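Data first, discussion second: the structure below is written as structure tokens.
This structure is a prediction, so every number in the text was calculated from the model and none was measured. Hydrogens, waters and symmetry mates are skipped; everything else that's a heavy atom, side chains included, is used. Residue numbering restarts at 1 for every chain, and letters A, B, ... go by the order of the sequence lines.
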Amino acid sequence: MMSDNKTIEIQHENILLQQKKSNLSLRHATQSAFFTILWIGGIITVLILLAVTGYVIFQGFKAIDLQFLITPPRGGLSGEGGISTTIGTTLYLVLLTIAIATPLGVGAAIFLVEYASDNNISSRFLKGMIGFSHFGVETLAGIPSIIFGLFGYALFVSTMKFGFSLLSASLAGACLVLPVIIRTTEEALLAVPRSYREGSLALGATKWQTIRKVVLPASLPGIITGIILSVGRVVSETAVFYVTLGGSYRMPKSIMSSGRTMALHLYYLAMDTRAFEKAMGTGAILILSIILINLLINFLSRRLTAGLRGVQ
Amino acid sequence: METRRIVDRGVKYILFISAMISIVIVFLIALFIFREGVEAFNTVGVRTMLFGKVWRPGQEQYGILAMILGSILVTIGAIVLGVPLAIGGAIFLAEVAPEGIQAVVRPAIQLLAGIPSVVYGLFGMVVLVPLVRKIPVPGNSGFGLLAASIVLAVMILPTIASIAEDAIRAVPQSYRQGSLALGATHWQTIVNVIMPAARSGIIAAIILGVGRALGETMAMIMVIGNSVLMPSPMTNNPLTLFLRQARTLTGNIAVEISYATGVHESTLFATGVVLFVLIMVVNISARFVMRERQAIH
Amino acid sequence: MRRLLITVVLLAAVLMASCAPADAPATPEEAAPAEEAASGSISVAGSTTVQPLAELFSEAFMAANADVTIDVQGGGSSVGVKAAGEDTSDIGMASREIKDSELTEFADLVIFTIARDGIAVVVNADVPVDDLTLEQAQNIFAGEITNWSEVGGPDEAIIAVSRDEGSGTRAAFEEMVMGKELLITENAILQPSNGAVRTTVSTTPASIGYLSFGYLDDTTKPVLIDGVAPSEENASNGSYPVVRPLNMLTNGEPKGVIKAFLDFILSADGQAIVSEESYLPVR
């Protein structure tokens, strides 16, 4: 009986082992099947994205030469000429928008991080306002750009009678990038170690002196990253400027002039003319500027982390 | 000493004012867009506008149902086409791909999220529309929901992929080790442990993608055909619905705002209100999911 | 709130002052201005039909007057009327008659008819149909005729391309071709400018659209209407029926450089540009 039982047990164990083995190989087979699918999926994703940008860059480079970059567009809707004035307008608009949005955005972030966390803010009103402000930033970040365009058109173009101009466009653009600047600056300020502030205050500096001389310098790369992100946003934005900037391709003479950014120029070339190769050329230049902006951001954020680590 | 304190206090007030700017802008946007929009709802009637099928401002017919459906359908199309690839790509990058590939592909995908939408629109016009036109259905012009969905799918792909990848990467290493130690294969670990843990982050990524798709304007105008018509299949095959031209809420605003006057202008603001509400619903659900996710960790 | 806005505006103004030097090198430095040169800047906006003409007028006028800058923007005829009436632009462009409702809203508008223009029905170069009756054209755009075989072409579905509602070309086309009864089908692709219609028709097989004469080129094929070719000759002798005025509008009588520009457009030199671009001169 005993031996019988043992044999049965052994047999049973053998079966289990076999099952386990086949189960393991089955599981491995499933895994490699799905991993193959993942590899294929990953490769397809990369290929699609490469195809789109690669196509535009490749086609675009046929149109790009020095002449393309330094001559203004002409010939109305025949789409002749280059893109020099649109590069100029883009730079002009970027400068203006950033100049409006940066002081406001950085100021807001400083208040929200440095003052709102104060223990001595006991006033209910102030606390409520700060909550509102956070809500405002969140909401702005989620609003689609055409709504900013509609708003800019209603307030700046029509009501305030700035017309289709760089001024209207940059004010609307500033609303668009404000949440970007506020959020990145907040992050940069929060990354500055508490000990910096305590040290400065202990030496008798006022709060503002501490912020100006200690906190801001330490968080500068982070703040600049936010600004450059906003530059990228303005360069690639079209909808807001389509309804606020007009679309004249002359070089703007003042902030009241209408203008055409590179992204808008691409749109007009593609829709209104048959100069697809020039549209591709403009697209290629746009993609290159975005690559440049990304490289800058990567460089700065590396410096930010390195800098803070070095001091600590 | 005294001036220092005065400066300190002055600066505080200035900073306070700039901190209020975002809420002031939100308030102004609400004021300008909602006030005008509500006026349109009052004159035209909420039901007539939201459920009206005909948009002919010249004849004072202001139904925006076709545009609402256009926006929703094109977003659904983009999600169906883009999300599986984006999530697959994210899992691939976070779990499967060798270091070398990760180091190159990850920044490239982040970069692609920043490329101007008109560039994708241009690609759509020049490459996709002629391709879609090859589908042999009578009356198929190439312009329409399908071309627009593909363009949007490609646009939101990098956004969703990079946020979803972050979510997968944020799953604590101990989860993986625990699962592997229990004898699960890597794939089983991904399916049974990592994906459930990263679920809410991935959903948040998809919702952000939806927001971006709903809000896209110029690329849509370039490839969707801009016709205001109720979407319906072109033949017996229901999928031919996507070969129809359409118009999105965003496109309607951009194309008509510059010349609209009077009631017509107000209805465009109302179109903006509808878009705003749609996006807010999407964003609030995103924030809800995010909060749930923070609660888990 | 208002104080905030003012702050923002002031800030912007200060910034502009500091940005100005960066802007200067981009402005081309030109030779000494010609005799009697006017100076100043003019903004022009509106009809995309008049837009290419306005671009050429302004290029010629700026070549003669180095100190003048002229911004030309599109938008459509309704934009032109509104921009002139509300003073967002110095000159508005409209490629149709000004509506009574617009004249009541903007009572000071002064209208200058600078040219006349025909509207041609164009088809994609692959469409073998060369002529249509007016009725056939009506029915195609109304969506009653949906296949080329119904008008003597191959068995292929017709893809109609139209302008959106703010367009002067559309308004003129509806008035002169469609009549009061018929509406343009909602199946038609709608494009926001003449150029976009041309691009779409030239790249979409089996498509049909309508274009201002100024946009006719070898990329699309104009068809005869009731056997009459859409040519300048037929339009000016009255045998081609679809002709409308091209207008420029100012809010009140124009003065200074704006007047000089309009005078130039109506001068022999200006009208020479009109005929060169296949529009019909007015004098």
Side-chain angles (χ1 to χ4, degrees), chain A residues 27-28 30-31 34-35 38-39 41-42 44-46 48-49 52-53 55-56 104 107-108 110-112 115 129 132-133 136-137 139-140 142 144-147 150-151 153-155 175 178-179 182 206-208 232 236 238-239 242-243 263 266-267 270-271 276 279 283 286-287 290-291 294 298, chain B residues 4-5 7-8 11-12 14-16 18-23 25-26 28-29 32-33 36 85 88-89 91-93 96-97 105 111-112 114-120 122-123 125-127 154 157-158 161 185-188 211 214-215 217-218 222 250 253-254 257-258 269 272 275-276 279 283:
Chain A
R27 290 193 302 157
H28 275 298
T30 324
Q31 160 151 327
F34 277 105
F35 274 18
L38 279 181
W39 267 94
I44 290 178
T45 310
V46 172
I48 288 176
L49 296 171
V52 176
T53 45
Y55 182 84
V56 173
L104 290 172
I110 293 176
F111 187 84
L112 291 175
Y115 289 85
M129 292 312 271
F132 262 138
S133 180
V137 177
T139 312
L140 281 185
S145 57
I146 187 67
I147 301 269
L150 193 56
F151 166 66
Y153 176 83
L155 179 58
C175 301
L178 200 59
I182 295 182
T206 62
K207 182 137 194 137
W208 173 238
S236 55
T238 333
Y242 181 64
V243 295
L266 192 169
Y267 171 81
M271 289 293 277
F276 283 132
L286 274 171
I287 293 176
I290 297 298
I291 292 178
N294 264 50
N298 278 350
Chain B
R4 275 203 325 167
R5 300 265 172 248
V7 168
D8 205 44
V11 164
K12 184 175 167 179
I14 292 172
L15 291 177
F16 174 73
S18 45
M20 291 304 119
I21 185 76
S22 57
I23 194 68
I25 294 172
V26 170
L28 281 176
I29 289 179
F32 271 85
I33 292 177
E36 281 277 331
L85 269 181
I91 300 175
F92 173 73
L93 268 187
V96 184
V105 173
L111 176 105
L112 288 163
I115 286 189
S117 55
V118 275
V119 172
Y120 291 111
L122 176 66
F123 182 82
M125 273 181 89
V126 177
V127 180
V154 175
L157 190 61
T185 61
H186 190 181
W187 173 247
Q188 285 177 315
L214 278 175
T217 313
M218 306 313 281
M222 294 166 91
T250 52
I253 300 172
I257 186 62
S258 49
F269 283 93
L275 178 68
F276 189 85
I279 299 245
N283 281 341

(request) Pick whichever of B:M125, B:E36, B:H186 has the most heavy-atom pairs under 4.5 Å with chain A. (result) B:H186
(request) Please check if the side chain of A:S133 supplies one atom and the backbone of B:A19 the other of a donor-acceptor pair under 3.5 Å. (result) yes
(message) Tell me every residue that passes side-chain contact (heavy atoms from CB on, under 4.5 Å) with B:A161, counting only those two or more places apart in sequence or in another chain.
(response) B:A86, B:I109
(message) B:F276: which residues meet the ring pair (Phe, Tyr, Trp, His ring centres under 6.0 Å) condition with it, sequence neighbours left out?
(response) B:F34
(request) Would you mind checking which part of A:I48 comes under 4.5 Å of any heavy atom in chain B, side chain (CB onward), backbone (N, CA, C, O), both or neither? (result) side chain
(message) Tell me which of these, B:T250, B:I257, B:L275, B:V7, has more heavy-atom pairs under 4.5 Å with chain A than the rest.
(response) B:I257
(message) Please classify the contact between A:V56 and chain B as side chain, backbone, both or neither, with a heavy-atom cut-off of under 4.5 Å.
(response) side chain
(message) Counting only non-hydrogen atoms closer than 4.5 Å, does A:L150 touch chain B with its backbone (N, CA, C, O), its side chain (CB onward), both, or neither?
(response) both
(message) Let's test your reading of the structure: which of A:N298, A:I44, A:I147 forms the most heavy-atom pairs below 4.5 Å with chain B?
(response) A:I147
(message) So for A:Y153, is it side chain, backbone, both, or neither that comes closer than 4.5 Å to the heavy atoms of chain B?
(response) side chain
(request) Measure B:V154 against the heavy atoms of chain A and call it side chain, backbone, both or neither at under 4.5 Å. (result) both
(message) With a 4.5 angstrom heavy-atom cut-off, is it the side chain or the backbone of A:V46 that approaches chain B, or both, or neither?
(response) side chain
(message) Do A:P144 and B:L214 make a side-chain contact, defined as non-hydrogen atoms from C-beta onward lying under 4.5 Å apart?
(response) no
(request) Please state whether the side chain, the backbone, both or neither of A:T53 comes within less than 4.5 Å of a heavy atom of chain B. (result) side chain
(message) Please rank B:L111, B:V26, B:V119 by heavy-atom pairs under 4.5 Å with chain A and give me the top one.
(response) B:L111
(message) With a 4.5 angstrom heavy-atom cut-off, is it the side chain or the backbone of B:F16 that approaches chain A, or both, or neither?
(response) both
(message) Quick check: do A:T238 and B:T217 have side-chain heavy atoms less than 4.5 Å from each other?
(response) no
(message) Do A:L140 and B:I29 make a side-chain contact, defined as non-hydrogen atoms from C-beta onward lying under 4.5 Å apart?
(response) yes
(request) Name the region of B:V105, side chain, backbone, both or neither, that has any atom closer than 4.5 Å to a heavy atom of chain A. (result) side chain
(message) When you compare the side chain of A:M271 with that of B:M222, does any pair of heavy atoms fall below 4.5 Å?
(response) yes
(message) To the nearest 0.5 Å, what is the distance between CG on A:L49 and CG on B:L112?
(response) 5.0 Å
(request) Find the distance between CD1 (B:I14) and CZ (A:F111) and round it off to the nearest 0.5 Å. (result) 12.0 Å
(request) Check A:G41 against B:L85 and note the closest heavy-atom contact, atom names and distance. (result) O-CD2, 3.9 Å
(message) Out of A:L178, A:I287, A:I182, A:V52, return the one with the most heavy atom pairs under 4.5 angstrom to chain B.
(response) A:V52
(request) Would you mind telling me which of A:A108, A:G42, A:A154 has the largest number of heavy-atom pairs within less than 4.5 Å of chain B? (result) A:A108
(request) Return the orientation label for the A:F34 and B:W187 ring planes: parallel under 30°, perpendicular over 60°, tilted otherwise. (result) parallel
(message) I need the residue from B:V126, B:T185, B:I33, B:I279 with the largest number of non-hydrogen atom pairs under 4.5 Å to chain A.
(response) B:T185
(request) Determine whether A:T45 and B:F92 make a side-chain contact, defined as any pair of heavy atoms from C-beta on separated by less than 4.5 Å. (result) no
